[in-house]
Amino acid sequence: MADYDLLILNGLVVTDTETGEYDIAVKNEKIEQVAPRGSFKDATAKRTIDAEGGYVMPGGVDAHVHLQEPPLFGKGSTADNYETGSRSAIAGGTTTMVTFAPQRKSEDSLLDILKATHAKAENNCYNDYSFHLLVSNPSHRALSEFKTLRAEGISSLKIYMTYEALQLQDGEILDVLVEARKRKITTMIHAENGQVIDWMTAQLEKRKFFAPKYHAVAHPEMAETEATYRAISFSEFIDAPILIVHVSNRAAAATIKNAQDRGLPVYAETCPQYLFLTRKDLDKVGFEGAKCVCTPPPREGEEDHDGIWDGLANGTFTVLSSDHCPFRFDDAVNGKKTCITDEFPAGQFKYIPNGIPGIETRLAFTLSADRLKLNKFVEVTSANPAKLYGLWPRKGGLVTGESDADINIWYPAGKLEPFALKNEMLHHNVDYTPFEGKVLNQWPRYTILRGEVVWDRDHGGLLGKKGYGKFIKRDASCLAGSRQEGEWDIPE
Ligand SMILES: *[C@@H]1O[C@H](CO)[C@@H](O)[C@H](O)[C@H]1NC(C)=O
């Protein structure tokens, strides 16, 4: 019998805290040992991979993924289901994803939603997964279910400050925060002022501005920064940890940094679209700009990108997620073109389904850009999402005896010719990528999930099996939480 299931030799191992020449031994789906190069030269294994000096990192954890959601805003529904979305994930090195289980305002219970979402994912996933409950109706019943959610392995929720179909009133946000604090649940917040966006939309339509590019104008930075400040104020008042999702602009980032410097448990996320796209990408001939319509919109230009990179480097951003929220482009039934009518041949920006695909490209883009220290890259794309959402140390690390053997092996320097991305290279169920033609110099060469090679780019590509991915029960966040013990009460 072999000593190990898998040996990974000659890699440069990078975690969130360490970089070094180590070899890795895997057994029974776990990291059995990480030892200096050469330590396993007399050992036997069912399979051995020579990393040839390439980076060996923990598998990616993407904590912001929309799959197979019901139409929440009228027309349009997500192009990827659990099968195609998770397939795309592993082909890009994301071994764990946390998707949304969305509650509609007409629905009372969260537990029913959880059950229905389990049914969609079960036996369909290529990677490991969990869910965030998306709360749009914090009814008495929904709030009373938070305790059971924790027992079911759900330790995070998401709420919205915009979109009529999902938006909570300020008092409802406070209700959620009080109960979330009590149950040690992290609340993710989409921070944009919905009324400001509606008002701006009306202003634009009055002037007969309907093209996709006006989506960016309708979502001014001010609406994001104001809501970010308000969310932080509520979090501070209730002493409840929050994460502001998909932060796109420097003023919002500075507001978050200020809260963090004051010691508040305020966390933040950004996404590749705020590093690589600008509002000019929405300004294309005809309807083409709709391919890059997402919310918040990509901002002005390089200075904004630099500010977001700085925020990643200096810890303002805890996590870098994809916000994978795909709609097919050339699709008038469920996709972007549902907003085209005879009266509006170039569509109406306010009805364009919001969101772009990106689960497969998140890691390769960020590593190819070569702007973060390697440990920081692992921290924001893998270790921190695992820590914040209660998956650590099982996910996000290479901890002996504790971590699942979820591993990405990258190409050693000089081995991969830089190449231009084409949508046909991707494994999602979307007919475009907003990043067509982008030149990359890295891509995961091998992706390993619980000891199984599920992606081997040069020998067969996708090797994983649908249904191998499992639901992972999550614990409370292991990053700093509420500063006071006990339940919230009216301050004396
Ligand atoms: C960190 O990044 C944020 C976001 O870009 C920025 O506002 C802040 O000034 C930076 N802080 C430091 C100390 O560099």
Side-chain angles (χ1 to χ4, degrees), residues 63-65 69 96-122 128-161 166-190 231 234-245 264-267 385-395 470-491:
H64 195 140
V65 179
E69 294 185 354
T96 305
M97 63 179 181
V98 191
T99 63
F100 295 101
Q103 178 200 32
R104 281 181 278 199
K105 283 205 184 287
S106 56
E107 294 166 319
D108 199 27
S109 167
L110 297 172
L111 299 178
D112 294 347
I113 311 290
L114 177 61
K115 203 168 150 209
T117 311
H118 267 297
K120 290 180 195 170
E122 205 173 0
D128 285 351
Y129 60 93
S130 180
F131 314 117
H132 309 288
L133 259 291
L134 193 166
V135 180
S136 71
N137 175 18
S139 64
H140 186 71
R141 175 157 175 211
L143 293 170
S144 73
E145 290 172 342
F146 282 19
K147 186 174 177 209
T148 315
L149 287 179
R150 278 302 313 281
E152 296 286 326
I154 305 296
S155 55
S156 51
L157 306 169
K158 183 182 179 196
I159 58 175
Y160 285 79
M161 299 170 82
L166 301 171
Q167 181 174 347
L168 300 194
Q169 299 307 307
D170 291 348
E172 293 177 314
I173 297 173
L174 294 168
D175 279 340
V176 169
L177 290 176
V178 166
E179 195 61 26
R181 166 183 163 161
K182 187 162 146 190
R183 303 297 171 197
K184 293 206 179 346
I185 286 174
T186 302
T187 305
M188 309 160 76
I189 304 184
H190 178 140
F234 294 168
S235 152
E236 181 172 16
F237 187 65
I238 305 296
D239 185 23
I242 57 169
L243 171 117
I244 310 285
V245 291
L264 303 179
V266 171
Y267 299 95
K387 289 175 183 175
L388 183 68
Y389 295 118
L391 291 159
W392 179 267
R394 180 158 180 200
K395 302 294 186 187
K470 287 201 295 212
F471 175 73
I472 308 289
K473 276 192 162 194
R474 295 186 288 121
D475 216 322
S477 167
C478 57
L479 300 183
S482 308
R483 291 183 296 172
Q484 308 289 322
E485 288 294 313
E487 292 181 30
W488 183 85
D489 203 351
I490 293 172

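Atom CG of residue Leu166 and atom NZ of residue Lys158 lie 8.5 Å apart, to the nearest 0.5 angstrom. Between atom NE2 of residue His132 and atom OH of residue Tyr389 there is a gap of 5.0 Å, rounded to the nearest 0.5 Å. The CG atom of Leu110 sits 14.5 Å away from the NZ atom of Lys115 when rounded to the nearest 0.5 Å. With rounding to the nearest 0.5 Å, the separation of CD1 in Ile242 from CD1 in Ile244 is 4.0 Å. Annotation: the span from Phe100 atom CZ to Ser156 atom OG amounts to 8.0 Å, rounded to 0.5 Å. With values rounded to the nearest 0.5 angstrom, Glu179 atom CD is found 11.5 Å from Ile238 atom CD1.
Across Leu388, Thr186, Leu243, a single residue satisfies side chain to side chain contact (heavy atoms under 4.5 Å, CB included) together with Leu479, and that is Leu388.
Residues Val65 and Val98 are not in side-chain contact: their nearest non-hydrogen atoms beyond the backbone lie 4.5 Å or more apart. The shortest distance between side-chain heavy atoms of Phe234 and Ile189 does not fall below 4.5 Å. At least one side-chain heavy atom of Tyr160 sits under 4.5 Å from a side-chain heavy atom of Leu134. With contacts defined as side-chain heavy-atom distances shorter than 4.5 Å, the pair Lys395/Ile472 qualifies.
Applying the side-chain hydrogen bond (donor to acceptor under 3.5 Å, both in side chains) test to Glu236 and every residue at least two apart in sequence or in another chain returns Arg262. Here Gln484 pairs with Arg181, Asp239 under the side chain to side chain contact (heavy atoms under 4.5 Å, CB included) rule; sequence neighbours left out. Not a single ring pair (Phe, Tyr, Trp, His ring centres under 6.0 Å) links Tyr267 to another residue, sequence neighbours left out. Residues satisfying the side-chain hydrogen bond (donor to acceptor under 3.5 Å, both in side chains) test with His64, not counting sequence neighbours, are His66, Glu269, Asp323. Residues passing the side-chain hydrogen bond (donor to acceptor under 3.5 Å, both in side chains) test with Lys184, sequence neighbours excluded: none. Thr99 is linked by a side-chain hydrogen bond (donor to acceptor under 3.5 Å, both in side chains) to Tyr82, counting only residues two or more places apart in sequence or in another chain. Phe471 is linked by a side chain to side chain contact (heavy atoms under 4.5 Å, CB included) to His118, Tyr129, Ser130, Phe131, Ile154, Lys473, counting only residues two or more places apart in sequence or in another chain. Residues meeting the side chain to side chain contact (heavy atoms under 4.5 Å, CB included) test with Pro241, sequence neighbours left out: Pro265, Ser482.
Ser235 approaches Leu177 most closely through the heavy-atom pair N-CD1, 4.0 Å. Shortest non-hydrogen contact noted between Pro138 and Val176 is CB-CG2, 3.7 Å.
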Would you give me the side-chain donor-acceptor pairs under 3.5 Å for residues 168-175, sequence neighbours excluded?
from   : atom 1 : to     : atom 2 : distance (Å)
Asp170 : OD1    : Arg230 : NH1    : 2.8
Glu172 : OE1    : Gln169 : N      : 2.8

> Going through the distances and angles, do Leu149 and Leu114 end up as a side-chain contact (heavy atoms from CB on, under 4.5 Å)?
Replying inline: CA-CA 9 Å; Leu149 287 179; Leu114 177 61; 4.1 Å; yes
>> Walk me through whether Phe146 and Leu157 qualify under side-chain contact (heavy atoms from CB on, under 4.5 Å).
In response: CA-CA 9 Å; Phe146 282 19; Leu157 306 169; 3.2 Å; yes
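Screening residues 474-484 for salt bridge (charged side-chain N to carboxylate O under 4.0 Å, His left out) gives Arg150-Asp475 as the qualifying pairs, with residues at least two apart or on separate chains. The stretch residues 100-111 participates, sequence neighbours left out, in these side-chain hydrogen bond (donor to acceptor under 3.5 Å, both in side chains) pairs: Asp108-Ser139, Ser109-Glu145.
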